[in-house]
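Have a look at the structure below, then the notes.
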Amino acid sequence: METLVGAVKGLRTATEVAGGQHGSSTTHVATFLVNSTPVRLQMPEAMLIGDGDEIAVAGRTKDGVFNAAAYRNSTNGALGKGAVGMYYLLGCVFSVVGVATLFVVIGAVFLAAGLWMIWHARYLSRAYAAVLAVQPAQPGADVEPGGRTTQ
């Protein structure tokens, strides 16, 4: 888990809607730079981030892009994380169904999906804890070059 701290630059936002006749889901995506590092932040709710805001994001770098799983905006106090509760709930349900039907091949698929959802919920929780642990920068304080930490 990495944490990146700095000012937001070049903010772009988009809303992705998926679904059909019986329901839909909305995902909010923001892309921006922090200390010249490209960041992609995807949340279930709109993010309260603007150009120039001091932000902390936690996640992992993949293919040169920092994929953030949680954020903390020190400028306006906003916080955001993925749908931890939903992943825990679905993970438990899928795992129970998987164990109950393990004698059939499909049970292994349900169990694997459930365990992955529980793992992902823990990842989102760790990312949220990481951004909460970052102390907001004080005006005029010296900031470490790059603003990146790892856990």
Side-chain angles (χ1 to χ4, degrees), residues 1-9 11-19 23-102 106-138 141 143-144 146-151:
M1 179 78 53
E2 296 176 73
T3 305
L4 192 59
V5 180
V8 173
K9 183 177 178 185
L11 176 67
R12 293 176 190 235
T13 59
T15 304
E16 298 174 353
V17 179
S24 64
S25 66
T26 304
T27 303
H28 301 272
V29 180
T31 56
F32 50 90
L33 297 174
V34 173
N35 304 325
S36 301
T37 301
V39 177
R40 183 177 195 275
L41 179 60
Q42 184 174 327
M43 294 281 130
E45 70 276 342
M47 294 159 276
L48 301 172
I49 300 171
D51 264 324
D53 286 356
E54 286 294 321
I55 193 170
V57 289
R60 294 193 177 121
T61 302
K62 182 178 178 185
D63 298 327
V65 176
F66 189 89
N67 293 295
Y71 77 95
R72 177 182 187 178
N73 187 332
S74 298
T75 303
N76 63 20
L79 295 165
K81 63 180 175 178
V84 175
M86 179 192 70
Y87 279 107
Y88 271 128
L89 176 65
L90 289 175
C92 289
V93 169
F94 273 58
S95 295
V96 167
V97 169
V99 168
T101 60
L102 203 52
I106 195 72
V109 174
F110 271 89
L111 182 59
L115 293 175
W116 179 87
M117 286 183 212
I118 292 169
W119 173 86
H120 190 66
R122 293 198 65 224
Y123 170 72
L124 294 174
S125 294
R126 285 191 354 258
Y128 189 64
V131 296
L132 288 178
V134 172
Q135 297 297 320
Q138 301 297 324
V143 178
E144 183 180 321
R148 187 183 295 249
T149 61
T150 57
Q151 289 184 335

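Note that the numbering runs from 1 along the sequence shown for the chain.
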Between [atom1] on residue [X] and [atom2] on residue [Y], distance to nearest 0.5 Å:
X: Glu45; Y: Thr27; atom1: CD; atom2: OG1; answer: 10.5 Å
X: Asp53; Y: Asn73; atom1: CG; atom2: CG; answer: 4.0 Å
X: Glu54; Y: Arg72; atom1: CD; atom2: CZ; answer: 12.5 Å
X: Met43; Y: Leu48; atom1: CE; atom2: CG; answer: 11.5 Å
X: Asn67; Y: Arg60; atom1: CG; atom2: CZ; answer: 10.0 Å
X: Leu41; Y: His28; atom1: CG; atom2: NE2; answer: 11.5 Å

Which heavy atom of [X] sits nearest to which heavy atom of [Y], and what is that distance?
X: Pro44; Y: Gly82; value: CD-CA, 4.1 Å
X: Ala30; Y: Leu11; value: CB-CD1, 4.0 Å
X: Asn35; Y: Val5; value: ND2-O, 2.7 Å
X: Val17; Y: Ser24; value: CG1-CB, 4.4 Å
X: Ala130; Y: Ala58; value: CB-CB, 3.9 Å
X: Ala70; Y: Val131; value: O-CG1, 3.8 Å

Hey, can you tell me if Trp119 and Tyr123 have their rings parallel, tilted or perpendicular (30° and 60° cut-offs)? parallel
Taking the side chain as C-beta and beyond, is there a heavy-atom pair between [X] and [Y] under 4.5 Å?
X: Ser95; Y: Leu115; value: yes
X: Thr31; Y: Arg12; value: yes
X: Leu132; Y: Leu79; value: yes
X: Arg40; Y: Val29; value: yes
X: Val99; Y: Leu111; value: yes
X: Tyr87; Y: Ile118; value: no
X: Ile49; Y: Tyr71; value: yes
X: Leu33; Y: Pro38; value: yes

Looking at Arg122, I'd like to know if its CZ atom is crowded, meaning that more than 12 non-hydrogen atoms belonging to other residues, nucleotides or ligands lie closer than 6.0 Å. no
Atom CZ of Phe110: over 12 foreign heavy atoms under 6.0 Å: no
